[in-house]
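Okay, structure first, notes after.
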Amino acid sequence: MTGTGGTGGTSGTGGTGGTRGSGTRTAVEWLVSVAPEPDACRWEWERNPLGVALLPAGRAWDVLIVPGDLGLATLDVLARCLDRPGPVLAGHGDARVGFFVPPGTAAHWVGTGVRGVGTGTWIVVPYPGRITGGVRWLVLPDGSGTLTDPARLEMAMHEAAARGAT
């Protein structure tokens with residue numbers, strides 16, 4: 001899902017996780033707003049056979065990457081206590097789940113097995129609503145900049161881990 005200039009996930013299936021049409025357009029605009037060259041990002045999405053582009057983390061969001069089982073369980077907890085969590089990606093056949101959180105979160109996050117992706121790193125991002133070869137949206141960006149609150153994410157992770165331990 002991440003890299004410092006390479007490509008990310010290459011397995012798994014795509015997902016929609018949201019509506020098409022104007023919602024997809026606003027999600028695309030929000031995502032490409034962080035690209036050094038937004039038009040090049042759009043071009044990459046259209047031409048890349050995997051249907052993905054690399055976007056820099058740390059500008060409008062960081063990403064916390066969680067092992068798949070814990071990440072999916074955490075998303076389930078968040079979905080029950082929030083109207084809408086921030087964007088969430090799954091990669092490598094759901095082996096990893098990435099939660100979009102406010103910029104700066106990755107630099108301060110401490111958690112076993114959780115990898116923070118922030119300033120100086122890049123994230124593999126599929127085109128919203130399009131099936132890709134390896135990374136898929138579990139929750140599409142809403143285009144308004146909604147992100148998952150780190151404190152709520154942490155509580156949801158604890159609850160998900162506790163449920164898994166029983």
Side-chain angles (χ1 to χ4, degrees), residues 1-3 8-9 12-46 48 50-66 71-91 94 96-109 111 114-132 134-157 159-160:
M1 218 182 308
T2 64
T13 60
T16 56
T19 60
R20 298 201 183 257
S22 65
T24 298
R25 282 190 296 278
T26 57
V28 167
E29 293 308 312
W30 181 71
L31 288 166
V32 301
S33 72
V34 302
E37 297 178 35
D39 290 336
C41 179
R42 286 185 192 90
W43 185 92
E44 182 71 15
W45 266 328
E46 293 299 322
N48 185 315
L50 296 176
V52 297
L54 286 171
L55 291 176
R59 291 183 182 178
W61 62 77
D62 285 357
V63 180
L64 295 178
I65 300 173
V66 180
L72 294 172
T74 299
L75 180 56
D76 183 55
V77 172
L78 283 172
R80 282 187 272 116
C81 66
L82 295 174
D83 288 337
R84 185 183 204 301
V88 181
L89 287 173
D94 293 352
R96 292 186 260 170
V97 176
F99 294 88
F100 281 52
V101 294
T105 302
H108 304 289
W109 190 272
V114 178
R115 186 168 78 178
V117 179
T119 302
T121 58
W122 295 74
I123 185 110
V124 175
V125 178
Y127 187 89
R130 189 176 296 159
I131 295 174
T132 68
V135 181
R136 67 185 181 106
W137 290 105
L138 297 176
V139 178
L140 281 172
D142 65 8
S144 73
T146 299
L147 300 169
T148 299
D149 176 80
R152 286 190 178 232
L153 179 60
E154 182 178 14
M155 289 188 316
M157 281 183 193
E159 183 176 332

Run Arg136 and Asp94 through side chain to side chain contact (heavy atoms under 4.5 Å, CB included) and show every step you take.
CA-CA 9 Å; Arg136 67 185 181 106; Asp94 293 352; 2.8 Å; yes

Contacts of Asp83 meeting side-chain hydrogen bond (donor to acceptor under 3.5 Å, both in side chains) (sequence neighbours excluded), chain-then-number -> none

Across all chains, not counting sequence neighbours, the side-chain hydrogen bond (donor to acceptor under 3.5 Å, both in side chains) partners of Asp76 are Arg80

* Is it true that Glu46 and Arg130 have a side-chain N and a carboxylate O under 4.0 angstrom from each other? -> yes

Residues 31-44 vs salt bridge (charged side-chain N to carboxylate O under 4.0 Å, His left out), sequence neighbours excluded, gives Glu29-Arg42, Asp39-Arg42

Heavy-atom nearest pair, Gly71 first then Val97, reads CA-CB, 3.9 Å

Trp109 meets the ring pair (Phe, Tyr, Trp, His ring centres under 6.0 Å) criterion, sequence neighbours left out, with none

Do Trp30 and Pro128 come close enough that some side-chain heavy atom pair is under 4.5 Å? no

*asked:* Are the side chains of Trp137 and Leu89 in contact, using a 4.5 Å heavy-atom criterion?
replied: yes

Donor-acceptor pair, Trp45 side chain versus Val125 backbone, under 3.5 Å? yes

Exercise. Hey, does the side chain of Thr148 reach the backbone of Gly86 with a donor-acceptor pair shorter than 3.5 angstrom?
Worked result: yes

Distance (rounded to the nearest 0.5 Å) between [X] [atom1] and [Y] [atom2]:
X	Y	atom1	atom2	value
Tyr127	Leu140	OH	CG	11.0 Å
Arg152	Thr74	CZ	OG1	14.5 Å
Phe99	Leu138	CZ	CG	8.0 Å
Arg84	Asp142	CZ	CG	4.5 Å

Indicate every side-chain donor-acceptor pair of residues 50-64 with a distance under 3.5 Å to a residue at least two apart or in another chain.
{"unit_1": "Arg59", "atom_1": "NH1", "unit_2": "Val34", "atom_2": "O", "d": "2.5"}
{"unit_1": "Asp62", "atom_1": "OD1", "unit_2": "Gly58", "atom_2": "N", "d": "3.4"}
{"unit_1": "Asp62", "atom_1": "OD2", "unit_2": "Gly104", "atom_2": "N", "d": "2.8"}
{"unit_1": "Asp62", "atom_1": "OD2", "unit_2": "Thr105", "atom_2": "N", "d": "3.0"}
{"unit_1": "Asp62", "atom_1": "OD2", "unit_2": "Ala106", "atom_2": "N", "d": "2.9"}

